[in-house]
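Below: the structure, in structure tokens.
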Amino acid sequence: MVPAQPIPSLLQQLRQAHPDARYELNWTTPFELLVATLLAAQCTDERVNRVTATLFQKYRGPQDFAQADTGALEEDLRPTGFYKQKAKAVQTMSRELLERFGGEVPQTLEQLVTLPGVARKTANVVLNTAFQLPSGVIVDTHVVRVSQRMGLTKKKKPEDIEQELMRLVPQDQWTFFGPAMVLHGRYTCMARKPQCGACPMAAFCPKIGVEEG
DNA sequence: CTCCCGATAT
DNA sequence: ATATCAGGAG
């Protein structure tokens, strides 16, 4: 599909609005970012950061998560929601990381996606952010919503939307574009009450299906 | 498509 | 009190 406005100027405006767009999860190693991104499923980055601040002092690497008591880990992860699934995912992911990848976070999307709890969004966050690799475009709930509102896509499925965005946006922009769209969705183009009056991207938005804002 | 779940906005 | 937020697996 053809976007309402040319992509180059859209990217330029987006860069002006979010000059140093980056993912807002706190991490010090690729492994920590991987865990934090797993925990971020259905949960705000802010809450994940509160949990990981203490979590990463207690669990210093995949070894610690692999050997942890599952019940204790569940309690540590409780505030992020879906804590039983997440504890299981983090623990089995850590074990597979040790067994199959020598405890190192793999640097390809194909390998990352084989880990439990890791799908394209999580893999792209890790690759884009920790390794600066343009493996794909991060498509989370914000990017889905913003892309649709801006008329960049009419697709519904995140994977289809990612394909469309990868086609529209030059690859060397992907690691900027994803995080910038996330920030725009989080702070301006919100799901409930989009700030259309103060939106820097308004010129690129057909405002179709956007309720009063 | 349903389930997983706590936290915050309304 | 209840709706909404926000990914992945089965």
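In the text below, chain A, chain B and the rest are named by the order of the sequence lines, each starting its count at 1. The model shown is predicted, which means the values in this text are computed figures rather than measured ones.
Under the 4.5 Å side-chain heavy-atom criterion for ILVMFWY residues, a single connected hydrophobic cluster contains both A/F177 and A/Y23.
Heavy-atom distances under 4.0 Å link DNA chain B to A/G81, A/F82, A/Y83, A/K84, A/Q85 of residues 80-90 of chain A, given in residue order. A heavy atom lying under 4.0 Å from DNA chain C marks the following residues of residues 39-50 of chain A, by number: A/A40, A/A41, A/Q42, A/C43.
Taking the six-membered ring for Trp and thresholds of 30 and 60 degrees, A/Y59 and A/F65 have nearly parallel ring planes, at less than 30 degrees apart.
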>> What verdict does the side chain to side chain contact (heavy atoms under 4.5 Å, CB included) test give for A/T188 and A/M201, after you've listed the backbone C-alpha separation in whole Å, the side-chain angles of each residue and the deciding distance to 0.1 Å?
In response: CA-CA 9 Å; A/T188 304; A/M201 304 306 294; over 6 Å; no
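Comparing the C1' positions of B/dC5 and C/dT2 gives an interatomic distance of 16 Å, to the nearest angstrom.
Residues A/N128 and A/L133 share a closest heavy-atom pair of OD1-O, 2.8 Å. Residues A/Q195 and A/Y187 approach most closely at CG-O, 4.2 Å, considering heavy atoms. In terms of heavy-atom proximity, A/D76 sits nearest to A/V51 at O-CG1, 3.6 Å.
Inspection of the A/T29 and A/E32 side chains reveals no N or O donor paired with an N or O acceptor under 3.5 Å.
Atom NZ of A/K88 is separated from atom CE of A/M93 by 14.0 Å, given to the nearest 0.5 angstrom. Rounded to the nearest 0.5 Å, atoms NZ (A/K157) and CD (A/E164) are 13.0 Å apart.
Within 4.0 Å of A/P116, counting heavy atoms only, lie sugar-phosphate atoms of the nucleic acid but no base atom.
As rounded to whole Å, 15 Å separates atom C1' of B/dG6 from atom CG of A/D76.
Exactly one of A/K156, A/M166, A/K155 qualifies for a side chain to side chain contact (heavy atoms under 4.5 Å, CB included) with A/I161. That residue is A/K155.
Heavy-atom contacts of chain A under 4.0 Å fall on DNA chain C between two terminal nucleotides, which in 5' to 3' order are C/dT4 to C/dA9.
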